[in-house]
Structure formats: C-alpha cells, structure tokens
Amino acid sequence: MSTAQQNFILTTDPLSLDRIRSILNRLEETIIFDLIERAQFAHNPKIYRKGEFEELQKIGFKGSWLEWFLKETESFHAKARRYTSPDEYPFTDRAELPGPVLKGVELPKILYPNNVNANKSILSFYTRSIVPRITAQATLALAAAKRAKGITGDDEYEDDGNYGSAAVLDVEVLGAISKRVHYGKFVSESKFRADPAAFIPHILTPNRAALDALITKPEVERKLLQRLRKKAEVYALNFSPEGEPSGDAGRKIDVDAIVELYEHYIIPLTKEVEVDYLLVRLEGMSQKELEELSSAKKA
Ligand SMILES: C=C(O[C@@H]1C=C(C(=O)O)C=C[C@H]1O)C(=O)O
C-alpha cells in the first residue's frame with residue numbers, strides 16, 4: 001500500500017486491517033530511526049528526574065527536564081490542533097495545554113468515544129528501560145573518553161551534557177511510540193466490526209483474557225518481529241565513504257534492544273489498549289442497540 005493510501009482523509013476504508021497494518025509497518029521505520037538518533041547521546045539520567053534543574057524550579061516548573069520539553073513542545077502542537085486527531089495523544093495533561101488556534105477539522109468519527117490513554121506507562125518504560133539500554137554504547141564510549149582525560153569514578157559515566165539534544169529526540173521517540181500504541185484502537189474497532197457477536201459477551205462479562213485471545217494474531221506478531229530485526233539490522237549499518245556497508249564496523253544501535261522493545265513493551269501495550277478500548281465499546285448503548293449489534297452479520 002502506498003503511503004498516500006495510508007492517509008486518513010484520502011482512504012476509502014479507514015478501518016481496513018490491511019491499511020492499519022501498513023501504517024503500523026511504516027511506524028517501525030519512524031521508531032527505529034528515532035531510536036538510532038537518540039542512541040548517539042549518553043543516557044543523561046538527570047533529564048528524567050524531577051527537581052534536578054534549579055533553573056526550571058526558578059521559572060515555576062516542577063517536573064523533570066524531559067517533562068518540561070514535552071509540555072513546551074506539546075503546547076505548540078496543541079495550538080496547531082495536533083491532539084484533536086484520534087491517533088495523537090499528548091503526554092502533558094490536556095488541561096495544561098492551550099486550545100487550538102485553527103478551528104477543529106471535521107474528521108469522520110471512526111472510533112467509539114473513549115478515554116483510553118497509555119502515555120503514562122509509555123513514558124515510564126521508555127525512561128526506565130529503553131533509554132539506558134539504547135544509550136549503553138554511547139555511555140561507555142563517553143566513560144572511556146573521560147578516563148583518557150583523567151576523569152574517573154562516578155563522574156565518568158552517563159552524562160555528556162547534551163540535555164537539549166537528547167530531550168528533543170526523546171520527544172520524537174515518545175510521540176512515535178504513543179501513536180503506534182494508540183493505533184490499537186483502530187485495530188480493535190476494525191476487529192470488533194468484523195464480528196461484533198464474538199466480542200459482546202466478553203465485553204459484558206467483562207473478560208479481559210477472552211478479549212485478548214480474540215484480538216491476538218500470533219502469526220502477525222511473529223512476522224512483525226522477524227521483519228523488524230531485518231529492518232533494524234539494515235538501518236543500523238555503518239557505510240564507508242565509498243558507500244560500502246560494513247557490518248564489522250559495528251552498528252549504530254543494539255538491534256536486540258529494538259526487537260525486545262517491541263516484543264516486551266510495544267506489542268503488549270498495543271494489545272492492552274486494544275482490550276481497554278473494547279471494554280468501553282458498548283458503554284451507554286441501549287438493550288435494543290446491543291441486540292441489533294449482536295445479530296449483525298459477520299463482515
Ligand atoms: C495490531 C494487531 O493486533 C495485535 C497486536 C499486534 C501488534 O501490536 O503488532 C499484532 C498482532 C495482534 O496480535 C494486528 O492484528 O495487526
């Protein structure tokens with residue numbers, strides 16, 4: 001599917017699973033490249049801890065350096081109505097963001113009204129598990145360079161002072177992961193509409209495990225992880241000035257780290273969003289509406 005056909009406005013069938021899967025596939029590129037960019041800087045743990053920067057406290061901001069970046073960036077994006085789109089969620093509380101300067105666009109209402117939002121979990125696993133892992137190479141190289149200058153002990157590690165550059169990239173990675181994970185809502189809506197009768201009893205019970213089994217496609221996940229490894233291996237290659245790929249010169253990022261990120265965080269969280277969305281999919285419906293839906297033919 002061409003990238004133009006992925007466009008929400010141009011497509012004829014926004015809920016086709018093929019279209020949704022092609023978007024998830026394209027987001028793999030975005031996430032891998034953003035992680036490669038972030039991996040050039042050291043961990044810089046200071047930027048993830050609240051209260052580390054006196055300068056921020058002085059201007060009345062109580063969160064971490066990264067939270068400040070998120071709030072400032074998202075405030076601007078909110079003005080351009082980014083978060084009125086059903087696949088874009090801010091990390092900052094909406095109440096703290098300004099309203100859009102442009103009037104809202106009339107997008108077709110495809111999703112059922114819901115407040116499912118996984119960003120708190122995304123922020124937490126990204127900063128605790130992902131950043132330390134993908135920055136390990138840069139952090140070790142930094143420590144070696146510092147030792148060569150006679151700096152040893154605790155001051156050797158982790159901090160290269162590139163707080164702005166690292167946080168700009170964190171904001172990019174987080175936005176891409178968030179978009180990917182919340183796409184789970186479209187996946188669920190598509191699967192639900194294809195066979196409402198299969199889902200309804202488990203939504204009413206409610207039975208998370210049964211819903212999880214209904215939406216899980218092990219074969220799709222297996223192929224995804226295989227494809228992702230191949231993509232990461234290729235994109236992370238270093239090239240000689242003559243354009244020769246040199247696998248021996250090391251890769252720009254730890255390929256296993258990317259595959260594990262998907263396997264242990266991104267896919268499970270997408271499925272959690274899928275199930276959370278299904279659990280509110282019938283809220284406010286009358287008995288008659290439920291019966292009509294239950295007897296709707298399998299698509
Ligand atoms: C996204 C889908 O739903 C589930 C979640 C997947 C994922 O997060 O990549 C993959 C397959 C399914 O188990 C899908 O069916 O494509």
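Each ligand, and each atom within it, is numbered from 1 in the order the structure gives. None of these values were measured; they are calculated from a predicted model.
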Margin query: Among Glu221, Glu263, Glu28, which one puts a heavy atom closest to atom 13 (O) of ligand 1?
Written below: Glu221
Notebook entry, point to check: Hey, is ligand 1 close enough to Lys217 that some N/O pair sits below 3.5 Å?
Noted result: yes
Next item on the list: Tell me which part of Val187 gets within contact of ligand 1: side chain, backbone, both or neither, using heavy atoms under 4.0 Å.
Entry: side chain
Notebook entry, point to check: Does Leu27 belong to the same Ile/Leu/Val/Met/Phe/Trp/Tyr cluster as Tyr83, with side-chain heavy atoms less than 4.5 Å apart forming each link?
Noted result: no
Margin query: Under a 4.0 angstrom heavy-atom cut-off, which atoms of ligand 1 come close to Leu224?
Written below: 9 (O)
Notebook entry, point to check: Given Arg180, Lys223, Arg21, Glu272, which has its nearest heavy atom closest to atom 14 (C) of ligand 1?
Noted result: Arg21
Next item on the list: Please identify which atoms of ligand 1 are closer than 4.0 Å to at least one heavy atom of Ile215.
Entry: 3 (O), 4 (C), 12 (C), 13 (O)
Margin query: Assess the residue pair Thr270 and Arg180 against the criterion (side-chain hydrogen bond (donor to acceptor under 3.5 Å, both in side chains)); give the C-alpha distance rounded to whole Å, side-chain angles, the decisive distance to 0.1 Å, and a yes or no.
Written below: CA-CA 8 Å; Thr270 304; Arg180 198 284 174 197; 2.8 Å; yes
Notebook entry, point to check: Cluster question for you: counting only ILVMFWY and a side-chain heavy-atom cut-off of under 4.5 Å, with indirect links fine, are Leu111 and Leu24 together?
Noted result: yes
Margin query: Is there a continuous path of hydrophobic side-chain contacts, each under 4.5 Å between heavy atoms, that joins Phe41 to Tyr48?
Written below: no
Notebook entry, point to check: Is there a donor-acceptor pair under 3.5 Å between the side chain of Tyr277 and the backbone N or O of Phe186?
Noted result: no
Note to self: For Leu24, which part has a heavy atom under 4.0 Å from ligand 1: side chain, backbone, both, or neither?
What the structure shows: side chain
Check: Counting from 1, what ligand 1 atoms have a heavy atom of Thr270 closer than 4.0 Å?
Finding: 8 (O)
Notebook entry, point to check: Nearest to atom 4 (C) of ligand 1, what protein heavy atom do you find, and at what distance?
Noted result: Glu274 OE2, 3.4 Å
Check: Transitively linked via ILVMFWY side-chain contacts under 4.5 Å: Tyr265 with Val131?
Finding: yes
Check: When the aromatic ring centroids of Phe53 and Tyr163 are compared, is their separation below 6.0 Å?
Finding: yes
